[in-house]
Amino acid sequence: MIRFEGVSRRYGEQVAVDRVTLEVPRGSICVLLGESGSGKSTLMRMVNRLVEPSAGRVLVDGRDVAGAEPEALRRGIGYVIQSVGLFPHWRVGDNIATVPRLLGWDAARVARRVDVLLDLVGLDAALFRDRFPHELSGGQAQRVGLARALAADPPLLLMDEPFSALDPGTRRGLQSALREIHAETGKTILFVTHDVEEALTLADTLAVLDQGRLVAQGSSASLLQEAEKGPVRRIFGKESLAFHRLATLPASSLARPEDARQDLPMLPADASLKQALMLMLAEGSACLAIPAEGAFPGGTLHWADLVAPR
Amino acid sequence: MEPQPVAVLHATERREASAAPREATAVAVLTALAALAPFLLGFLSVAPNRLLSPRLVPLPVTTATTLCLGLFLVACLAVMLLARRAPLLNWAEAAAALALCSLVAVIGLAAREALQGASPVARAAPAAGLWVAMLLLALAAGCCAAGRSGTPRNFMALSVLGLAVLWAAGALADLSLAREAMARGGEIRLAFWQHLALAGGALFLALAVALPLSLLALRRSRVEALLMAVANGFQVIPSIALFGLLMGPLAALAAWAPALRGWGIGGIGPAPAVLGISTYLLLPLASAFLAGLRVASPAVIDAARGQGLTEGAILRQLRLPLGLGVMAGGVRVAAVQAIGLATLAALIGGGGLGALVFQGIGQLATDLILLGVLPVVALSLLADGGCAALQAALERRR
Amino acid sequence: MILLLGNLLLFLVALAAAPRLGWLWQALFPGISRPVWDSQSWFALLAEHLMLALGATLIAALIGLSAAILATRPAGRALRPLLDSMFSLAQAVPPIAAIALALPLMGFGAAPTLLALVLYAALPVMRSAVAGLDAVPAAVLDAARGTGMGPGRILAQIELPLALPVIQAGLRVALVLAIATTAVGAVAGARCLGTPIVTGLANGNLSWVLQGAVFTAWLAVIADQALRLGLDPERRRSNGRLAPAR
Ligand SMILES: Nc1ncnc2c1ncn2[C@@H]1O[C@H](COP(=O)(O)OP(=O)(O)O)[C@@H](O)[C@H]1O
Ligand SMILES: [Mg+2]
C-alpha cells in the first residue's frame, strides 16, 4: 500500500529522515516507533506531501505521490494528529463533514455519513453532532478527529501520536476502539508513537526509527527476540524488554500437559504470557489452569516456567 | 531491484539553507528605492523668495557634491550587502545612517552652489526625492532593527551625530530650513521647552493618578473595573474634542477664582491641554502598572504571606522589583503618546512645537511645519529609545 | 443594540436642535455675540465627517488586511520587518504632523487629511490582523492541510473566521482613530464636525468650540458602540472563536 524507497529529508545541515526504505502492506497496522525527534512525523508527513522528500520517493498504491496533486491526494488519505486540530469555530458535525464537502457530496449524504461515523467512533450522534470542539473532553475530541479522518472512507489512515496527550484509561479505550475499527473496515494504518506499550498493542508490523534511520522492522515478536543490542534495546527499555516479550508469546506455549485443577484461576487459551503473569499477580496464585481449545489439549502454567531463562 | 533515489530540491529548503535573514529582502528593496528616489524625483528645488513656490533645479556638479553623492551610493550598496548576514545587521544600520548623512551633505553643498549669486531672499530646499529617500532609509534601518523588535538605535544615534557635525561645519547653512531655523532660534527653543513641559506635566499628572489607583485596584476588583472602564472610555473621545470640552469648565473655574489664572489655569492655555493629555495616558499607565504588579505570581505571593511578610513588604520586595520592567514599558508608551498629543495643545493656546506647525499650516510654509514636526519626531524617538533602554535595564536586573 | 439606536437617535435630534438652542448657548456663554453655529448645517458637517472617516477606514481596512494576509503567507515573510518598521515609525509621528506635512503637497481641503487617515488607520488593522492570523493554532492549520484544503480555502474558511474577533478589535481602533483624525483635519481645511472647534478657537468663540467638541465626541462614542456590537463576549465564546488580544 505504501512504499518508502530510499527516502531522506534534510533541514539545512540536519538530516531528519535518512534513507528509509519501508513497505506497509495493505490492510495492516504499521507502527513507527522512536524517540522524540527521531523523524517519525517527518517520515509520515511525506506520504500526504505535507513534507517533500529531499531524496527518494514515496509510493502509494504503486504510484509516486510526487506526481499527485497534493490537495486531491490528501482528500484520499485520513490524517489524525496528537493535538487533534479540530476547527474550533465549526461544530462536530461540520468538522467531520470537511472532506465529504470538499468532495462535493450532497447534504443528505453528508449528514448520514456524519451519524454513521460518530456511531463508529463510539459517540452518540444526537448528543455530539452539534457541539463545538471546546465542549468536548480530550478523548471525545480525538474520537471526532478519528471520525473526520475516516469521513470519506479513505483506504489509508495516517495517525501521528494520536493518543499521546490522553490519560492512560482514555488511551486504552481509544486503542481498542481503533482496533475494532481496523477489524471492521480493513484500513491500512500508519501509526506513529513513542510509547512502546501502545506500539506492541496495535502493531501488525513495527518499524523502529532512530536519528532518522530505520534501525529495525518486522513483527513485534521478532523485533523483541532480536533486540539484544543498540538503539532498539534502548528504545524498548532494557529492564522492560523481558516483560514486553511476554506479551508476544502465547501462554499455552509454556503450559505443562497436566490435567487442569479445578481450584486454579482460569486463563483463556489465546492469552499471552504477559496476561498470565498479571493474572498470577492479581490472584496471588503461582499456577494457572488453561482449558483445552482447538489443537491445544489444555494444561497448567507454572510460575517457575514463566521466570525460567529461555 | 535497487530503487532510484530521486533528488528533489525544494524552495523551502533552499531558503533554510541560505544564511540571509528575513529582513534582507525588505532592506534591499527599500535601500534600492532610496538610492533611486532622488534621481527620479529630484534633489533640489529653488524659489526666488520664501513665498513663491519652488522649482526643481538640476544638481550642481562640483567635486564635493560628486564625492558625497558617490559616498551615498556606496553606503546604500553597503546597507544592502550587510543586511544579508544576520550578525551584520547593526552595521547595515550604521551604513544607512552614513547614506542619510552623505545625502544631506549633498543637498547642503548643492544649496550653497545653487544660491551663489542669487538674491539673498532666494531659498533652496530639498526636493521630494530627497525626503522620500530619507524616509525609505529610516524604514530600512527600522527593518534592520525589526528582528530584535527594537528601534533602530544605531541608525538614530549616528544620524543625529552626523547631522550635528554637518551643521557645526556649516554645510547646511544655505538650506531654507536652516535659514528659517536660524531666524526663529528663540521661538523654536521656547516652543521646544513648552512642549517638554506640556508632555512632562501631563505624564507626571497621569502617573500621580494612575499609580495609587493601580495599587488600590490590585486589591479591589470594583476599583479595577471602574479604572479600566474610565481609562478605556477616554480613549474613544477625540483629543481635539476633549480639549474643547475641557475649555468651558476651566474658563468657568478661572472666572470664579481669578487667582487661578496666575497658575496658568483657564479656558485658554496649557491647563486644558495638560489635563486632556493626561487622561489619554491613564490607560497605558494603569494597564501596565496592574500587569506589572501581577508579574509576581499568586504562588509566590502566597509563599511570601506564608512566611509572614506584611503586605507592604510584599509590595516593596516582590511586586515592585519583579514588575518594574513591565511598568516601565507602560511609561514608555505613555511618554511617546504625551509628546505626540502635546502637538495639539497649540490649538487651544497651550504653546509647544504645535504652535510652529499650525503657524506653518496657516502660511502653507513647509519649512515652518518641518521645524515643528522634526523636533516632535526626534523627541518621540528619544523618549522611546530612552525608556526602552531603561526597561531593558530593569528587566535585566530581575 | 437598543442602546446604540437610542444613542444615535438622540444624537441626530441634538444635531437638529443645536441651531435652535440659541438661548442655551447665550446663557452658557454670555460674553459671546454669535453663540449659535450657523455657517454650515450640522448634518452637512456630519455627512462630510462620516464620508471622510468611513471612506478612509474602508480603504485602510482593505490595505491593512491585504498587507497582513500577505505578511502571514510563506511567500510574504519578507514583508514582516517592513510592516513592523512602518508601525514604529508612525508611532513617533502624530497624525496632525502627517496632515501638516501633506498639506504643502496637496493643498487645503480634505486630501491631506484623507492621506493621513488612510496611513494611520491601516496600521491598527494590519497589526491586529497579523496578530489574529498568527494566533491560529498550528495544529488546526496542519489538520486543515492534511484534510486536503487548498491555501485559499484554508484562509477563507479557517484562518479569517478564527482571526475575525481580533481583526474586528483592530477595525474599531482604526475607526475611532479615523474619526478623531478627521476632526483634527479641520485645521487643514477638511470640512467636518471639527470645523466649528477650529473656527471657534480661531475666533475666540467658546460656544462653537463646545458644540463641535460635544458632537465630535458623541460621534466617536457611537462608532465605538456600533463596532463593539460584533464583539459580544457571550457570542464569541459560544461559537468558539479566539478571544481578541489576549
Ligand atoms: N520544519 C522543520 N524545520 C527544521 N527542522 C525540522 C522541521 N521538522 C522537523 N525538524 C527536525 O527533524 C527532526 C525530526 O523531527 P520529527 O519528524 O518531528 O520527529 P518526531 O516526530 O519523531 O518527534 C527533529 O530533530 C526536528 O527538529
Ligand atoms: Mg512527531
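Small disclaimer: the values here were computed from a predicted structure and weren't measured. Every chain is numbered from 1, with letters handed out A, B, ... down the list of sequences.
Highest contact tally toward chain B, considering only C:Val209, C:Leu89, C:Ile197, is held by C:Ile197 [criterion: heavy-atom pairs under 4.5 Å]. Interface summary for chain C: among B:Thr25, B:Ile237, B:Val373, the most heavy-atom pairs under 4.5 angstrom belong to B:Val373. Among B:Ile361, B:Val377, B:Val333, the residue with the largest count of heavy-atom pairs under 4.5 Å with chain C is B:Ile361. Across B:Thr343, B:Leu139, B:Leu341, the residue that shares the most heavy-atom pairs under 4.5 angstrom with chain C is B:Leu139.
The minimum heavy-atom distance linking B:Leu347 with C:Leu201 is given by the pair O-CD1, 3.5 Å. Scanning all heavy atoms of the two residues, the minimum distance from C:Ala217 to B:Ala241 falls at N-CB, 4.0 Å. In this structure, C:Ala78 and B:Ala26 approach most closely via the heavy-atom pair O-CB, 3.4 Å.
The part of B:Leu344 that comes within reach of chain C is its side chain, from C-beta onward, which places non-hydrogen atoms under 4.5 angstrom from that chain. Both the backbone and the side chain of B:Val236 come within contact range of chain C, each with at least one heavy atom under 4.5 Å from a heavy atom of that chain. Of the atoms belonging to B:Thr366, heavy atoms from both backbone and side chain fall under 4.5 Å from chain C. Contacts of B:Gln235 with chain C are made by backbone atoms alone, with heavy-atom separations under 4.5 Å and no side-chain atom involved. With a 4.5 Å cut-off on non-hydrogen atoms, C:Phe108 touches chain B through its side chain but not through its backbone. The part of C:Val198 that comes within reach of chain B is its side chain, from C-beta onward, which places non-hydrogen atoms under 4.5 angstrom from that chain. Only the side chain of B:Val336 comes within less than 4.5 Å of a heavy atom of chain C; its backbone N, CA, C and O stay farther away.
Residues of residues 91-104 of chain C placed with any heavy atom under 4.5 Å of a heavy atom in chain B are listed by number as C:Gln91, C:Ala92, C:Val93, C:Pro94, C:Ile96, C:Ala97, C:Ala100, C:Leu101, C:Leu103, C:Pro104.
One distance of note links CG of B:Leu246 with CG of C:Leu210; it measures 11.0 Å at 0.5 Å rounding. Remark: B:Leu242 CG to C:Thr216 OG1 distance equals 11.5 Å, nearest 0.5 Å.
In terms of the ring-ring contact (aromatic ring centres under 6.0 Å, His included) criterion, residue partners of C:Trp218 (sequence neighbours excluded) are, by chain and number, C:Phe11.
Within 6.0 Å of CZ in B:Arg55 there are 12 or fewer heavy atoms belonging to other residues, nucleotides or ligands.
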